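What you see is a predicted model, and the numbers here were worked out from it, not measured in a lab. What you see below is based on every heavy atom in this structure, not just the backbone, and it leaves out hydrogens, waters and symmetry mates.
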Amino acid sequence: MPSWIPASGHALRHAGIHFDAVRIVGILGEQVAYEIMQFTDFQAGPIVRSRVGARSMYFLVPPGTARAHRWPAGAEALVREKSAFVGIPALYGMTYPLDWRSLPTDQDPFVETKLLFELLMKVVNDEISAVR
């Protein structure tokens with residue numbers, strides 16, 4: 001497992017060093033996580049779920065890639081320039097209020113940024129069409 005994952009509990013990690021992150025808030029984050037898990041046959045790469053406040057999902061993407069896209073409302077790129085930090089849970093044990101929706105693996109150390117963006121835009125466009 002990557003060295004940035006703590007052995008126990010959880011720890012803050014600076015975005016843009018080991019990974020960039022895309023935070024997607026609320027139900028939108030849940031839906032995008034579901035879509036990317038289905039699309040990748042449950043091999044999506046690291047997704048951290050926060051169970052407090054707006055209940056966000058943090059999709060960990062390769063460093064330097066999150067700023068390549070114009071993220072829609074409800075999604076935010078967390079990169080080094082913004083001095084953003086992301087809470088990272090340990091793999092096992094008590095990590096509340098954070099947990100893993102999808103673990104990093106040797107084969108999938110990151111969520112694929114382009115795929116995340118495409119699936120997010122599909123979900124957003126489907127929701128807009130449903131309202132019309």
Side-chain angles (χ1 to χ4, degrees):
M1 280 297 122
S3 62
W4 44 266
I5 297 177
S8 63
H10 47 77
L12 290 177
R13 300 292 187 236
H14 192 237
I17 305 286
H18 301 288
F19 54 80
D20 284 354
V22 177
R23 176 177 49 213
I24 304 178
V25 179
I27 299 294
L28 179 60
E30 291 282 348
Q31 184 63 37
V32 172
Y34 173 81
E35 293 291 335
I36 202 164
M37 294 291 288
Q38 292 292 313
F39 189 86
T40 62
D41 198 25
F42 297 91
Q43 300 296 313
I47 304 170
V48 175
R49 175 175 35 204
S50 173
R51 296 182 181 265
V52 295
R55 297 181 176 256
S56 299
M57 292 283 183
Y58 294 82
F59 299 82
L60 307 185
V61 299
T65 64
R67 69 176 69 82
H69 300 281
R70 188 179 196 113
W71 301 96
E76 178 185 10
L78 303 175
V79 298
R80 189 171 187 163
E81 289 78 20
K82 291 185 177 183
S83 297
F85 288 85
V86 178
I88 302 296
L91 295 178
Y92 308 101
M94 186 60 139
T95 62
Y96 183 83
L98 304 172
D99 68 353
W100 291 101
R101 178 68 171 88
S102 176
L103 292 168
T105 64
D106 288 339
Q107 296 85 0
D108 301 294
F110 300 106
V111 173
E112 185 182 320
T113 312
K114 183 179 177 191
L115 176 61
L116 173 63
F117 181 76
E118 289 172 359
L119 290 174
L120 170 60
M121 295 309 294
K122 176 189 175 300
V123 169
V124 168
N125 288 332
D126 288 350
E127 287 180 1
I128 290 171
S129 296
V131 172
R132 291 182 184 167

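Both Val48 and Leu78 are part of a single hydrophobic cluster, where members link through side-chain heavy atoms under 4.5 Å apart. Hydrophobic clustering (ILVMFWY, side-chain heavy atoms < 4.5 Å, transitive): Met37 and Val61 are in one cluster. Note on Met1: it clusters hydrophobically with Phe110, by side-chain heavy-atom contacts below 4.5 Å among ILVMFWY residues.
Counting heavy atoms of neighbouring residues, nucleotides and ligands inside a 6.0 Å radius, atom OH of Tyr34 does not exceed 12 of them.
For the pair Ala54 and Val25, the tightest heavy-atom approach, listed with the atom from each and the gap, is CB-CG1, 3.3 Å. Nearest heavy-atom pair, Pro62 versus Thr113, reported as atom, atom and distance to 0.1 Å: CD-OG1, 3.5 Å. In this structure, Val124 and Pro72 approach most closely via the heavy-atom pair CG2-CG, 4.2 Å. Minimum heavy-atom separation, Ala44 to Ile47: CB-CD1, 4.1 Å.
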Quiz prompt | CA sep, side-chain torsions, deciding dist, call: Val22, Val111, side-chain contact (heavy atoms from CB on, under 4.5 Å) | solution = CA-CA 10 Å; Val22 177; Val111 173; over 6 Å; no

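Atom CD of Gln43 and atom OG1 of Thr105 lie 5.5 Å apart (nearest 0.5 Å). Glu112 CD to Leu119 CG: the interatomic distance, rounded to the nearest 0.5 Å, is 9.5 Å. From Ser56, atom OG reaches atom CZ of Arg51 across 12.5 Å, with rounding to the nearest 0.5 Å. Here the straight-line distance linking atom CD of Glu118 with atom CZ of Phe39 works out to 8.0 Å at 0.5 Å rounding.
In this view, Arg67 and Glu81 satisfy the salt bridge (charged side-chain N to carboxylate O under 4.0 Å, His left out) rule, not counting sequence neighbours.
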Please table the atom pairs, donor to acceptor, closer than 3.5 Å between any side-chain atom in residues 87-98 and protein atoms at least two apart or in another chain.
| unit_1 | atom_1 | unit_2 | atom_2 | d |
| --- | --- | --- | --- | --- |
| Thr95 | OG1 | Leu98 | O | 2.6 |

Output side-chain donor-acceptor pairs under 3.5 Å for residues 7-21, partner residues at least two apart or in another chain, one line each.
| unit_1 | atom_1 | unit_2 | atom_2 | d |
| --- | --- | --- | --- | --- |
| Arg13 | NE | Trp4 | O | 2.7 |
| Arg13 | NH2 | Trp4 | O | 3.3 |
| Asp20 | OD1 | Gly64 | N | 3.3 |
| Asp20 | OD2 | Gly64 | N | 2.9 |
| Asp20 | OD2 | Thr65 | N | 3.1 |
| Asp20 | OD2 | Ala66 | N | 3.1 |

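The closest side-chain heavy-atom distance from Tyr58 to Pro46 is not below 4.5 Å. In this structure, the side chains of Thr40 and Asp108 stay at 4.5 Å or more apart for every pair of heavy atoms. Side chains of Ile36 and Phe59 form a contact here, defined as non-hydrogen atoms less than 4.5 Å apart.
Of the options Gln31, Arg23, Arg101, a side-chain contact (heavy atoms from CB on, under 4.5 Å) to Met57 is made by Arg101 and by none of the others.
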